[in-house]
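First up is the structure itself, then whatever we jot down about it.
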Amino acid sequence: MTSPVKKMHRTLLFAPGSRIELLTKAQLGAADAMIFDLEDSVPLNAKAEARQNVQQVLALGLKKPMYLRISNPRAGDYLADLGVLHNQSLVNVAGVALPKADDAQDIETVSKALQEIEIKAGVALGSLSILPMIETCLGLRNSFDIAKSSKRVSGMALASAEQGDFMVDLGGRWTPRNLALTYPRSKLVVDSRAAGVEWIVDGVFMNLKDTQLLREECLIARELGFVGKMAIHPTQVDVMHEVFSPSAEEIEYARGLIAAFREGEARGVGAVKYEGMMVDYANVRLAERTLALVETL
């Protein structure tokens with residue numbers, strides 16, 4: 001039996017909590033979902049103002065799914081960040097993006113706090129999800145345990161930005177070929193899928209001028225198994241959608257393959273010929289994943 005389709009966003013657009021006009025503007029663009037940031041993009045002396053800004057925007061209602069990037073419990077006042085969700089409608093509040101996730105304990109700590117918010121809001125337990133962001137070598141080392149740690153983990157993300165936290169911790173050097181990130185990206189994909197997590201998100205691309213390099217990085221990420229990418233500017237979204245959306249040909253092929261296989265399966269055949277290729281259950285799984293991406297857009 002096919003599992004229920006879970007939402008897998010192609011794009012997550014960052015909006016710093018300290019810029020209330022960007023919190024509003026982010027909801028009007030083409031990105032599938034947003035990240036309201038209370039962490040690194042907000043200076044320490046602007047944290048309180050940023051929380052107030054997010055509360056103000058939440059009170060007006062969200063137009064699309066939003067993940068709240070909070071401080072890591074080991075590095076900042078995550079409870080104050082989560083406080084913006086108290087006494088608010090949680091409609092379109094998808095959950096939290098958890099930066100610098102290093103182990104399963106990080107997930108457990110935040111999960112307990114989310115449960116309290118759900119109880120007070122009168123919504124179903126587990127409604128608020130967690131998107132762990134892997135930003136250290138230790139986090140990558142523990143990525144399977146993190147992905148497996150809670151049913152709240154809806155996806156996994158790698159902070160792959162040039163000169164970002166992960167790259168600095170790795171000691172690697174970013175180049176257009178992305179060699180330094182090949183193993184980290186591959187490991188995160190393997191660990192996530194082994195843990196049953198399908199929504200795997202690549203980090204931001206810092207160069208706002210070079211659209212071709214952005215496209216190439218998206219293509220690399222998709223080839224390695226990622227299904228989406230984080231954006232720092234609305235102008236990046238169209239390229240990301242183009243790369244991470246199944247093409248019309250891919251959709252037609254997937255539907256035809258599944259139909260042909262089901263027909264053969266009904267006749268007691270476990271492998272059938274489709275468009276000159278022998279296909280079996282593995283091919284069906286891939287085709288179903290392609291259609292799942294379409295159904296969740």
Mind jotting down which residue pairs meet the salt bridge (Lys or Arg N to Asp or Glu O under 4.0 Å) criterion with at least one end in residues 248-257? Sequence neighbours excluded, please.
Arg222-Glu250
Any ion pair linking [Y] and [X] (charged N to carboxylate O, less than 4.0 Å)?
X	Y	answer
Asp102	Arg74	yes
Asp40	Lys100	yes
Lys112	Glu108	yes
Glu39	Lys47	no

Who pairs with [X] by side-chain hydrogen bond (donor to acceptor under 3.5 Å, both in side chains), at least two apart in sequence or on another chain?
X	value
Gln163	none
Arg215	Glu242
Ser18	none

Whichever hydrophobic residues join Ile119 through chains of side-chain contacts under 4.5 Å:
Leu125
According to a 4.5 Å side-chain heavy-atom criterion applied to Ile, Leu, Val, Met, Phe, Trp and Tyr, with indirect links allowed, do Val237 and Leu293 form part of one hydrophobic cluster?
no
Between Trp199 and Phe244, ring centroids under 6.0 Å
no
CZ (Arg289) with more than 12 external heavy atoms under 6.0 Å
yes
Is it the case that more than 12 heavy atoms not belonging to Glu223 sit under 6.0 Å from its CD atom?
no
Distance-only donor-acceptor check, side chains Gln115 and Ser111, under 3.5 Å:
no
Report the C-alpha distance between His86 and Lys120 in whole Å, list the side-chain angles of each, state the deciding distance to 0.1 Å, and finish with yes or no for side-chain contact (heavy atoms from CB on, under 4.5 Å).
CA-CA 8 Å; His86 288 290; Lys120 290 181 180 179; 3.9 Å; yes
Scanning both residues in full, the closest heavy-atom pair of Pro16 with Leu23 reads O-CD2, 3.7 Å
Please, which pairs that meet side chain to side chain donor-acceptor pair (under 3.5 Å) have at least one residue in residues 266-286, sequence neighbours excluded?
Glu265-Tyr281
